[in-house]
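Below: the structure, in C-alpha cells.
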Amino acid sequence: MKCVFVIGPTATGKSQLAIELAEKHSGHIVNIDSVQFFKGLEIGSAAPLVDDLKKVPHHLFSYVAAPTEMTAGQYIRDFYQQISKLKPNTNLFIVGGTGFYIQALEKGMFNLPEISNEIKQQVLDDLGKHGPEKLYLELKNFDAESVVHLNDHYRLGRALEIKRAFNKKMSDFQSENNKDALPFPYLKIGLNFSTDDKEKMRTRVKNRIQQMIKNGLIEETKSFLDCGFDQWAPLSSVGYLETVQYLKNEITLEQLEPAITLSTMQLIKKQRNWFKRDPTILWSDIFQSDTRVVENEVEKFLK
RNA sequence: GGACAGGUGCCCGAGUGGCUAAAGGGGGCAGACUGUAAAUCUGCUGGCUUCGGUCUUCGAAGGUUCGAAUCCUUCCCUGUCCA
C-alpha cells in the first residue's frame, strides 16, 4: 500500500487534483479534512460532489453524524479500520488540509490510555472554581518546561488531566517510542500559492463562498439548529459559524459572504503557517499551473 | 443660507491641558500546537535608533500655554435637521 498525501490550504483544488490522480493510478481517495468527516456539512466544507464520488472510491467522508464529535485519535483508528478492508496494494490518495490530523496520521499519536471522566470533570471544576492561575501553578510546579499558556484553558486542562491521571509530563510522551507512525511508504504533495497572489486567492475564495450560499449553505446549517445541535463543535468552523450568526440575526445576509470570505482567508493563513514547518512537502503553485512536475513525482513514487 | 453633530493611527473607536506614540476592538504580520485543530492560545503592529533615546503624528493654518489630540480664531470637509 502506498499513500500520496494531497494537502495544502483550503480552496486550492486538492479534491479535484486527487480525483485526477486517483483515476489515473486507479487509487482510492481518503479524507483527512476535519470538517468533511461530518455528515450533513457537505456544502460548507466543499466536500466532493455525488458525481465525483462515483468516479473514484472515497473513504471517511460524511461518516460522523451529529452530535458525535471527532478527535485525531479516533480518526486514526477509523483510518486503519477502513483501509484494512481494501486490497493490500491499493494506492491511497489522502486529501485534506487539516495539518494536525495529517501529522497525527503520519507520526502517530502518543499512546495515552483513556483518561477517566472523573479526572476530566475534576479538572474542569477546578478551572471553573479557582480560575486558571491555580491550575497553571500546579502544572508549572510539575513541569517547568511546559509551553502551555495560562490563557490556553483547553491545553492547560489537558496537560493537567495527563498529570493527574498518569503523573507524567507531555514531554515524557514525546520522548517515548512511537509505534504508530504511518507504516506505508508515502509522498506528500501540496497545492499552494505565492504571497503575491493573495488577492487572486481572495477572489477565488469569494466566488466559492457565493456559490456555497447559492447551493444551500444556510439551509444546511439551519437543519442542525432546528435539531438543537447548535453547540456541536463543527458548527463553529469557518462558514458555519458565520451562518449560525446570520440565522440568529447577529449579522445580515449582506454581511454573510464577506464574513465567511474573511475567516476563510484567515484559515488559509493558519494552514500555510502550519505547513511551513514541513520541508518535505512537494509544492505546486496553483496560479502557475505547474502541477505536472509534481504529477511526475507521483508517477515515479507509485511505480 | 441657518442650527446642531462630527473629522483621531490601515479601519472602527476611546480620550477634553501634562501620567498620550495616544485605551479598546477589528484587520494585518509573526508564532505555539499530540485526542475540540476550519478549534484553542501567544506576541508585535508610526519612522529611525549604538535601545539611552529621538523625529513625525489626532482635518488645515495660525494662536494661548512651561506644556495641546485636548483651550481660542479662521478655513476645509462630512452627517443630520431647518430654510
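Below, all heavy atoms of this structure are taken into account, side chains as well, without hydrogens, waters or symmetry copies.
At B/C41, none of the side-chain N or O atoms of A/Asn151 fall inside 4.0 Å of OP1 or OP2 (strictly under the cut-off). Phosphate proximity of B/C33 to A/Arg277: present, with a side-chain N or O under 4.0 Å from OP1 or OP2. At the phosphate of B/A39, OP1 or OP2 sits under 4.0 Å from a side-chain N or O atom of A/Lys270.
Distance alone, capped at 3.5 Å, is enough to place a donor-acceptor pair between the A/Asn141 side chain and the A/Leu137 backbone.
Among the atoms of the strands shown, none is found under 4.0 Å from any heavy atom of A/Lys120. Among the protein residues, A/Ser263 comes within range of no part of the nucleic acid, since none of its heavy atoms lies under 4.0 Å from any strand. Among the protein residues, A/Thr98 comes within range of the sugar-phosphate backbone only, with heavy atoms under 4.0 Å from sugar or phosphate atoms but none that close to a base. At a threshold of 4.0 angstrom between heavy atoms, the contacts of A/Gly239 with the nucleic acid are absent. Counting non-hydrogen atoms under 4.0 angstrom, A/Tyr101 reaches the backbone sugars and phosphates but no base.
Rounded to whole Å, the separation between the P atoms of B/U16 and B/C71 comes to 9 Å. To the nearest whole angstrom, the two P atoms, one in B/C82 and one in B/U64, are 42 Å apart. The separation of B/G9 from B/G63, taken at their P atoms, amounts to 25 Å, rounded to a whole angstrom. Atom name C1', nucleotides B/A69 and B/A22: the rounded distance is 8 Å, in whole Å. Using atom P as the reference point in both B/U78 and B/G26, the two lie 31 Å apart (nearest Å). Rounded to whole Å, the P atom of B/C72 lies 32 Å from the corresponding atom of B/G25.
Side-chain atoms of A/Lys276 lie closest to B/A30 of the nucleotides B/A38, B/A37, B/A30. For A/Leu267, the listed nucleotide lying nearest its side chain is B/A38; candidates were B/A38, B/C41, B/U34.
Separating the CH2 atom of A/Trp232 from the P atom of B/A38 is a distance of 14 Å, rounded to the nearest angstrom. The CD atom of A/Gln36 sits 15 Å away from the C1' atom of B/A37 (whole-angstrom rounding). As rounded to whole Å, 11 Å separates atom P of B/C33 from atom CE of A/Met170. Between the CD1 atom of A/Ile76 and the P atom of B/U34 there is a distance of 14 Å, rounded to whole Å. Taking atom OH of residue A/Tyr154 and atom C1' of nucleotide B/A32, one finds them 14 Å apart after rounding to whole Å.
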>> For a side-chain contact (heavy atoms from CB on, under 4.5 Å) check, start with the C-alpha distance between A/His59 and A/Phe79, then their side-chain angles and the critical distance, and finish with the verdict.
In response: CA-CA 9 Å; A/His59 306 280; A/Phe79 175 88; over 6 Å; no
Between protein and nucleic acid, restricted to nucleotides 26-29 of chain B and to nitrogen or oxygen atoms under 3.5 Å apart, what atom pairs and distances do you find?
residue	atom	partner	partner atom	Å
B/G27	OP1	A/Gln266	NE2	3.0
B/G28	OP2	A/Gln266	NE2	2.9
B/C29	OP1	A/Lys198	NZ	3.1

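Both A/Phe5 and A/Ile76 belong to a common hydrophobic cluster when Ile, Leu, Val, Met, Phe, Trp and Tyr are linked at side-chain heavy-atom distances under 4.5 angstrom.
A/Ser62 and A/Glu42 share a donor-acceptor pair across their side chains, judged by distance under 3.5 Å alone. Between the side chains of A/Thr280 and A/Lys188, at least one donor N or O lies within less than 3.5 Å of an accepting N or O. A/Ser171 and A/Glu145 form no side-chain donor-acceptor contact under 3.5 Å, judged by distance and modelled atom types alone.
Under 3.5 Å, the side chain of A/Asp152 and the base of B/A32 form no donor-acceptor pair of N or O atoms.
Considering A/Trp232, A/Tyr240, A/Tyr63 as possible partners of A/Phe38, the one that fulfils the ring-ring contact (aromatic ring centres under 6.0 Å, His included) test is A/Trp232.
Within 6.0 Å of the NZ atom in A/Lys206, the count of heavy atoms belonging to other residues, nucleotides or ligands does not exceed 12.
Between A/Ile162 and A/Phe173 the shortest side-chain heavy-atom distance falls below 4.5 Å.
Using a 30° and 60° split on the angle between ring planes, A/Phe37 and A/Tyr101 fall in the tilted class, from 30° to 60°.
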>> Could you spell out the base pairing of RNA chain B as a dot-bracket line? Use Watson-Crick and G-U wobble contacts where both distances are under 3.5 Å, [ ] for crossing pairs, | for partners on a different strand.
In response: ((((((((.[[[..)..(.....]]]((((((.......))))))(((....)))...[[[[[..)....]]]]]))))))).
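In this structure, A/Arg277 forms a cation-pi arrangement with A/Trp274, its terminal cationic atom sitting closer than 6.0 Å to the ring centre and no more than 45° off the ring axis.
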